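Worksheet: the structure to be examined is printed underneath.
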Amino acid sequence: MAMKEDPMTYQVSVLTPTNYPVWAVKVKSIMDAHGIWETIEPKALGEASDQKKSKQALAFLFQVIPEDMVLQMASYTEPKKVWNGLRTRYLGVDRVRTARLATLKRELESLRMKEGETVDDFVTKLSGLSSKARSLGYELEEGDLVKRLLDSMPKSFLQIVTSIEQCFELDSMLFDEAVGRLKAYEERIRGTEKLEDTQGGLLLASEEKSHVCKHCGNEGSNRNGFGRGRGRGRGSGKSRDGERFQRDKSHVKCQKRGELSHYSNKCPKLEKEEAGLIEEESTLF
């Protein structure tokens with residue numbers, strides 16, 4: 001249903017078995033905007049309601065409840081009786097309402113923001129519980145809601161919570177202002193974490209690049225022994241997967257003997273000659 005009063009149009013959905021808390025808040029605000037909520041809750045105790053406003057309020061309520069319920073409420077001639085009848089039906093009698101309110105209070109006291117959860121998601125939960133409690137007659141003051149919000153923050157928000165508590169009067173602080181400061185701090189934390197991740201990735205890439213051999217292109221690290229020492233011969237090498245391999249020396253020429261297939265430092269004839277000299281020296285001494 002829509003109620004129009006220039007320059008705004010007010011819309012409210014029909015009451016269902018599951019939307020009463022939200023429905024009641026919307027209907028109350030619209031009726032108050034049109035000046036007919038006083039027919040249900042008079043501004044002054046014992047004040048007589050205006051008959052024209054009462055008829056307008058009754059007609060409006062009949063428009064926003066299901067048709068089968070209109071027949072059940074048709075005997076009521078006062079909007080207050082219709083409103084109280086709906087409240088009793090959907091919220092139960094006082095004993096049931098008290099039990100529901102006690103459950104909501106326990107949920108509010110135990111509600112805590114988890115690490116990794118966003119401020120927006122947690123505020124949605126807190127506001128939802130607060131709205132349900134309000135529909136049951138329990139009104140949370142703005143200051144109490146701010147304190148409950150700050151007390152529910154995880155350890156990662158300890159710094160900003162402490163700053164808010166020391167620099168501001170929580171009793172006069174608006175809930176939206178507290179939420180805004182927490183969200184600004186959350187964005188700053190996320191920006192710092194992204195910067196650290198980027199710097200760490202660049203540092204790791206730089207370290208990996210520094211361990212690439214400029215001669216053979218093999219990747220390695222001083223941690224696994226690659227590049228240690230200088231005593232390896234020319235005829236040996238190491239592949240990228242760690243396997244040893246033998247180079248083709250069929251075209252290699254000995255610098256001292258002129259023979260093929262070996263280097264001068266591996267010449268078999270020189271080795272035999274050196275071995276003979278060693279034997280001759282041993283016999284002399």
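What you see is a predicted model; the values in this text were computed from it and never measured.
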So do [Y] and [X] actually touch side chain to side chain, heavy atoms under 4.5 Å?
{"X": "L15", "Y": "V27", "answer": "no"}
{"X": "I65", "Y": "W23", "answer": "yes"}
{"X": "S127", "Y": "F175", "answer": "yes"}
{"X": "R100", "Y": "K105", "answer": "no"}
{"X": "E38", "Y": "K53", "answer": "yes"}
{"X": "M173", "Y": "I164", "answer": "yes"}
{"X": "L182", "Y": "F122", "answer": "no"}
{"X": "T162", "Y": "F157", "answer": "no"}

- Task: Indicate whether the side chain of D121 and that of T124 have a donor and an acceptor atom separated by less than 3.5 Å.
- Result: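 No - no donor-acceptor pair under 3.5 Å links their side chains.
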- Do you see a donor-acceptor pair shorter than 3.5 Å between the side chains of E115 and S156?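 Yes, S156 and E115 have a side-chain donor paired with an acceptor closer than 3.5 Å.
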- Least distance between heavy atoms, A178 atom then L149 atom: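 In this case the closest contact between A178 and L149 is CB-CD2, 4.1 Å.
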- Of all the heavy-atom pairs spanning L86 and Y20, show the shortest one and how long it is.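 Closest approach of L86 to Y20, heavy atoms only: O-CE1, 4.3 Å.
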Output yes when a side-chain donor or acceptor of [X] lies under 3.5 Å from a complementary backbone atom of [Y], and no otherwise.
{"X": "N19", "Y": "T16", "value": "yes"}
{"X": "E186", "Y": "V119", "value": "yes"}
{"X": "T39", "Y": "A57", "value": "no"}

- Message: Looking at E177, I want to see if its CD is surrounded by more than 12 non-hydrogen atoms of other residues, nucleotides or ligands under 6.0 Å.
- Response: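 Atom CD in E177 is packed in, count exceeds 12.
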Thinking salt bridges, do [X] and [Y] make one under a 4.0 Å N-O criterion?
{"X": "K183", "Y": "E187", "result": "no"}
{"X": "D151", "Y": "R112", "result": "no"}
{"X": "K147", "Y": "E141", "result": "no"}

- Query: Can E117 and K125 be said to form a salt bridge (charged side-chain N to carboxylate O under 4.0 Å, His left out), step by step?
  - Reply: CA-CA 11 Å; E117 186 178 10; K125 293 180 183 179; 3.1 Å; yes
- Task: Mind running side chain to side chain contact (heavy atoms under 4.5 Å, CB included) on L108 and R148 for me, showing each step along the way?
- Result: CA-CA 8 Å; L108 281 170; R148 194 172 298 276; 4.1 Å; yes
- Task: Can you label the angle between the W37 ring and the W83 ring as parallel, tilted or perpendicular, going by 30° and 60°?
- Result: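 Answer is perpendicular, since the angle exceeds 60°.
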Is it possible for you to say whether [X] and [Y] belong to one hydrophobic cluster, with membership spreading through side-chain heavy-atom contacts below 4.5 Å?
{"X": "V25", "Y": "M31", "answer": "no"}
{"X": "V22", "Y": "L140", "answer": "no"}
{"X": "L145", "Y": "L174", "answer": "no"}
{"X": "I189", "Y": "M113", "answer": "yes"}

- Please walk me through it: do S29 and D32 pass side-chain hydrogen bond (donor to acceptor under 3.5 Å, both in side chains)? CA-CA 5 Å; S29 62; D32 189 33; over 6 Å; no
- Task: Tell me, with the steps shown, if Q56 and Q51 meet side chain to side chain contact (heavy atoms under 4.5 Å, CB included).
- Result: CA-CA 9 Å; Q56 291 176 344; Q51 290 297 321; over 6 Å; no
